[in-house]
Each structure stands twice: as C-alpha cells, then as structure tokens.
Undergrad: 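Quick one: structure below, then a few questions.
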2 protein chains.
Amino acid sequence: MSTKNKILDAADVLFADKGFNGTSLREITSQANVNLAAVNYHFGSKKELIKSVMSRYMDELSPQLESALLLICQAKRKPTLHEVFSAFIEPLLSLNEFKENGTSTFLQLLGRGYTDSQGFLRWFLTTQYPDVFTNFTKAVKKAYPELSTEEMFWRLHFTMGTIVFTMSSSEALIDIAQNDFDNKLDIAGVIERVIPYVSAGVAAPISPL
Amino acid sequence: MSTKNKILDAADVLFADKGFNGTSLREITSQANVNLAAVNYHFGSKKELIKSVMSRYMDELSPQLESALLLICQAKRKPTLHEVFSAFIEPLLSLNEFKENGTSTFLQLLGRGYTDSQGFLRWFLTTQYPDVFTNFTKAVKKAYPELSTEEMFWRLHFTMGTIVFTMSSSEALIDIAQNDFDNKLDIAGVIERVIPYVSAGVAAPISPL
DNA sequence: CGCTATTTTAAACGCCTGTTTAAATTCACA
DNA sequence: TGTGAATTTAAACAGGCGTTTAAAATAGCG
C-alpha cells in the first residue's frame with residue numbers, strides 16, 4: 001500500500017477517535033509506520049490532510065446521496081419524512097464496503113468537524129459539496145410543504161445535531177446499551193432507531209409561537 | 001474580584017469558544033490579567049480547573065432541575081413530554097442572572113465536554129450529579145410509559161445530542177438565521193423551537209423493528 | 001548501466017504547552 | 001508594628017507540536 005494511503009487510513013481512525021486537534025502528526029505517522037515528514041511531503045500540511053480524509057468519504061458518498069434524493073424529488077408521489085431520511089441509510093452503509101466501519105468513522109469525523117477547528121470543516125463541506133444540502137432541503141420541502149423555510153432551517157440543524165452527535169459517541173453508547181440491556185446492536189441498529197426520532201422531530205406540528 | 005473568580009470567568013468564556021484542549025492556560029491567565037502560575041496555585045491543574053468551571057454551573061442548576069422534575073413526577077396528572085422538557089427552560093435561563101449569557105455558555109461547555117477530552121467530563125457529570133439523570137428519566141417514563149427502557153435510553157441520548165449540539169453552535173446558527181430571515185432571535189427563541197422538536201422525537205411511535 | 005526524478009529519512013528548527021521553583025510581595029492577626 | 005502565613009510573581013523546566021531542511025535511498029527509464 002502506498003505511503004499516502006497508509007497515512008490516510010491511520011489519520012482516519014485517529015481523527016475519529018481523538019479529534020483533529022487531539023491527534024498529532026507523530027501519532028499518525030508512527031501508527032502508519034511512515035516517516036514524520038511524509039505528511040508534509042504528500043499533503044502539504046495537517047489541514048490539507050484533514051481535508052483529504054474527509055474528501056475520501058465525501059467523494060464516495062456525495063453522488064450516491066444525490067441520486068437517492070433526486071429519486072425522491074422527481075417522484076410523483078409525496079414522500080414521507082421517514083423515506084427522505086431513509087435515503088441516507090444505504091449510501092452511508094455502503095461506506096462499510098469501501099472501508100471497515102466506514103459509516104461510523106465518517107459520522108464521527110463529521111461530528112469532530114463541527115466542534116473542533118472552529119467551523120472550518122463546516123465551511124469546507126458546504127462549499128465543496130453544496131448539492132447534498134440543496135437536494136436534501138428540496139426533498140424535505142416536498143414531504144412537508146407546510147413547513148416554513150425558517151422553521152425547516154432550524155429543524156434540519158437540530159437533525160444534523162442529533163445524527164452527528166449521536167454517531168460521534170456511538171461507540172460509547174453502544175457499549176453502555178450492550179451492558180445495560182445486553183442487546184446486540186451495531187451502527188445500522190442505531191441508524192434504525194434514530195430515523196423515527198428525527199422524522200418525528202422534523203414532522204412536529206408547527207408551534208403557534 | 002478574587003483571582004480565583006477572575007480565572008473562572010475567563011476560562012468559562014474561552015473554554016466555551018475554543019474547547020478545553022483548544023484553550024491554553026496562558027490565554028486564560030492573560031485574559032484574566034493574572035499570573036500564569038495562579039491556575040496551578042489555586043486549582044492544582046488544568047483538569048481541575050475544567051471541573052471547577054463546570055461545577056459552578058451544575059451546583060446552581062442541579063437543585064433547580066431536581067425540584068422542577070420532582071414536581072412533575074409527584075403530580076397526579078400524567079404530564080406531556082412537552083411539559084417535561086419545558087421543565088428545563090426556567091432553570092437554564094436562570095443561569096443568565098447568575099452570569100451574562102450563562103445559558104448558552106453552559107450548553108456550549110456541555111457540548112465541548114462530550115467531544116473534547118474523550119469523555120472524562122461525561123464521567124464527571126454522571127458520577128457527580130446522577131440525580132438529574134434519574135429524575136429526568138422518571139419524568140419521561142411517566143409521560144410515556146409505553147416506551148421501553150432501552151428505547152428511552154436511545155431517545156434521551158438523541159435528545160441530549162440535539163440540545164447540546166445545537167447550543168454549542170447556537171451563536172453561528174443565530175447569525176445565519178438573522179441574515180437569511182432577518183428574524184430577531186435569541187437563545188430563548190432557539191429553546192422555544194427545539195422543544196417541540198425533541199418532544200416529538202421522544203414521542204415518536206415505537207417502531208416494530 | 002547511468003542518470004534523473006521521486007520518495008524516504010534523520011535531524012533540527014522555532015514555538016507553544018502544562019507545570020514547578022524559589023524569591024518577592026501582600027495580607028491578616030497578635 | 002512585627003511576624004508568619006497566604007498569595008503573587010518572573011523565570012525556567014521538560015516535553016510535545018507542525019514544519020523545514022538537506023542528505024540518503026529508491027524507482028523509472030533511455
């Protein structure tokens with residue numbers, strides 16, 4: 001395997017586990033059995049390495065999400081919110097073929113990106129992959145047209161928070177759940193449980209304020 | 001004002017803004033106009049300072065939450081989930097009297113604690129303030145007794161994610177919302193909007209799986 | 001093979017981190 | 001006012017950080 005990919009794989013796992021700021025290049029390179037300077041040689045800087053780690057996922061995910069959401073938008077029938085959110089399941093789980101535990105790692109990274117690094121990753125994603133957001137918004141609007149744009153803005157961000165936050169600590173939560181309920185559960189199981197939740201949240205009746 | 005409090009106030013703001021790992025003791029002490037060594041003199045270590053910052057909020061909040069939730073648990077009438085979640089509003093907003101923008105700072109810190117520092121803060125809160133969790137669980141169970149303990153476990157963590165994540169980026173979100181919809185909104189407004197969302201999420205019908 | 005370009009390597013750079021030290025200062029109380 | 005304790009201070013500590021450098025090793029190709 002190439003040095004570049006060895007670095008990406010090691011960084012991927014470590015970033016997800018300890019955050020971007022919390023992971024040093026020395027940890028990454030020693031985990032990857034690679035010289036320290038290799039990161040700067042192949043990627044230029046730590047910041048560019050972070051972007052590369054995220055891009056590897058987004059380039060795989062983005063077209064799949066786009067086609068799944070477009071299918072909903074172009075259908076004649078009015079979709080349910082449950083269907084809209086379910087459109088994410090298959091593309092997300094497909095990351096596991098592309099890399100072991102790819103789904104959870106990606107969602108963990110997403111969570112890191114929101115809290116670490118003061119929002120530079122949010123900027124990176126919304127500017128580099130804007131279609132995902134616009135298609136998703138369209139699909140939700142089709143499923144729940146009575147929702148005002150502003151109300152939808154908030155509810156989608158609530159949803160983003162639910163997903164990202166849950167997944168970024170999914171490992172710990174699954175551990176707790178397994179101890180307390182000895183119920184075998186994996187990342188797909190968590191997704192199965194979170195979708196009814198966010199669907200109901202977005203579908204909540206409009207409060208009169 | 002005492003050196004100890006000057007440090008706590010400065011740390012409070014900086015931790016919320018840049019995270020625990022992202023804030024150095026030198027930033028804190030220079031912001032507080034205090035000698036660098038004062039942190040280790042008064043608190044012992046950075047980790048203990050973090051605990052002190054959180055305790056200051058929790059000691060104020062915990063008894064208020066306890067009595068509000070107990071009121072619901074001991075009432076004869078079955079509460080709605082909306083009422084259960086609303087029990088948090090007043091105690092949280094009361095933090096603003098105790099400190100300017102205390103509500104948002106506290107929730108930001110909570111969000112930081114979940115993602116920074118690999119869960120040591122979660123351990124600290126659940127062991128030091130367990131009553132909040134148990135009372136909350138009881139109240140929810142009273143409002144929605146059909147929900148299994150396991151299902152509730154997950155939905156409460158989803159809710160925690162929604163709240164914490166939203167609030168930890170509430171400043172940025174309020175900015176965006178104000179630009180896009182020129183609708184004046186503050187932290188209380190965000191809370192008003194998130195409660196119907198999480199209520200509906202927790203109240204979602206139990207999926208057959 | 002020999003040469004060029006690519007990649008790897010060890011070492012050092014300057015800077016920042018949390019913590020500790022010991023001296024200087026301030027404070028409280030007899 | 002004098003004395004001992006509490007606090008503040010400047011300085012240094014050891015160690016980690018991302019990045020850079022220049023030499024060494026490797027690879028691809030005429």
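Here is how names work: the chains are called A, B, and so on, in the same order as the sequence lines, proteins then strands, and each is numbered from 1. Everything quoted here is computed from the prediction, not taken from an experiment. Any value given below was found using the heavy atoms of this structure, including those in side chains, with hydrogens, waters and symmetry copies removed.
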Undergrad: Between the side chains of A:R56 and A:D12, is the shortest nitrogen-to-carboxylate-oxygen separation below 4.0 Å, so that they form an ion pair?
TA: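 Yes, charged N to carboxylate O under 4.0 Å.
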
Undergrad: Is the closest basic N to carboxylate O distance between A:E27 and A:K18 below 4.0 Å?
TA: yes

Undergrad: Between protein and nucleotides 5-11 of chain C, map the contacts as a letter string: B base, S sugar-phosphate only, - none, heavy atoms under 4.0 Å, written 5' to 3'.
TA: -SBBBB-

Undergrad: What residues form a side-chain hydrogen bond (donor to acceptor under 3.5 Å, both in side chains) with A:S2, not counting sequence neighbours?
TA: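 With sequence neighbours excluded, A:S2 shows a side-chain hydrogen bond (donor to acceptor under 3.5 Å, both in side chains) to A:N5, given in chain and number order.
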
Undergrad: Sequence neighbours left out, what passes ring pair (Phe, Tyr, Trp, His ring centres under 6.0 Å) with A:Y41? Give chain and number order.
TA: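 Partners of A:Y41 under the ring pair (Phe, Tyr, Trp, His ring centres under 6.0 Å) test: none.
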
Undergrad: Rounded to whole Å, please give me the gap between NZ in B:K47 and P in C:dT19.
TA: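 Distance, rounded to whole Å: 10 Å.
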
Undergrad: Return the polar atom pairs (N/O with N/O) between nucleotides 14-17 of chain C and the protein under 3.5 Å, or none.
TA:
from   : atom 1 : to    : atom 2 : distance (Å)
C:dT17 : OP1    : B:S24 : OG     : 3.0

Undergrad: For residues 31-39 of chain A, dump all side-chain donor-acceptor pairs below 3.5 Å to protein atoms at least two apart in sequence or in another chain.
TA:
from  : atom 1 : to    : atom 2 : distance (Å)
A:N35 : OD1    : A:A37 : N      : 2.9

Undergrad: Rounding to an integer number of Å, can you tell me how far A:L49 CG sits from D:dC17 P?
TA: 15 Å

Undergrad: What integer distance in Å separates A:F43:CZ from D:dT20:C1'?
TA: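 Going from CZ in A:F43 over to C1' in D:dT20 covers 18 Å.
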
Undergrad: Just by distance, with hydrogens left out, do A:T149 and A:K141 show a side-chain donor and acceptor under 3.5 Å apart?
TA: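 Indeed, the side chains of A:T149 and A:K141 share at least one donor-acceptor pair under 3.5 Å.
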
Undergrad: Rounded to the nearest Å, what distance is computed from the CG atom of residue B:N21 to the P atom of nucleotide D:dG18?
TA: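 For the pair B:N21 CG and D:dG18 P, the rounded distance is 13 Å.
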
Undergrad: Could you tell me which residues satisfy ring pair (Phe, Tyr, Trp, His ring centres under 6.0 Å) with A:F88, sequence neighbours excluded, listed by chain and number?
TA: A:F136

Undergrad: Backbone N or O of B:A204 within a donor-acceptor pair of the B:Y144 side chain at under 3.5 Å?
TA: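 Such a contact is found between B:Y144 side chain and B:A204 backbone.
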
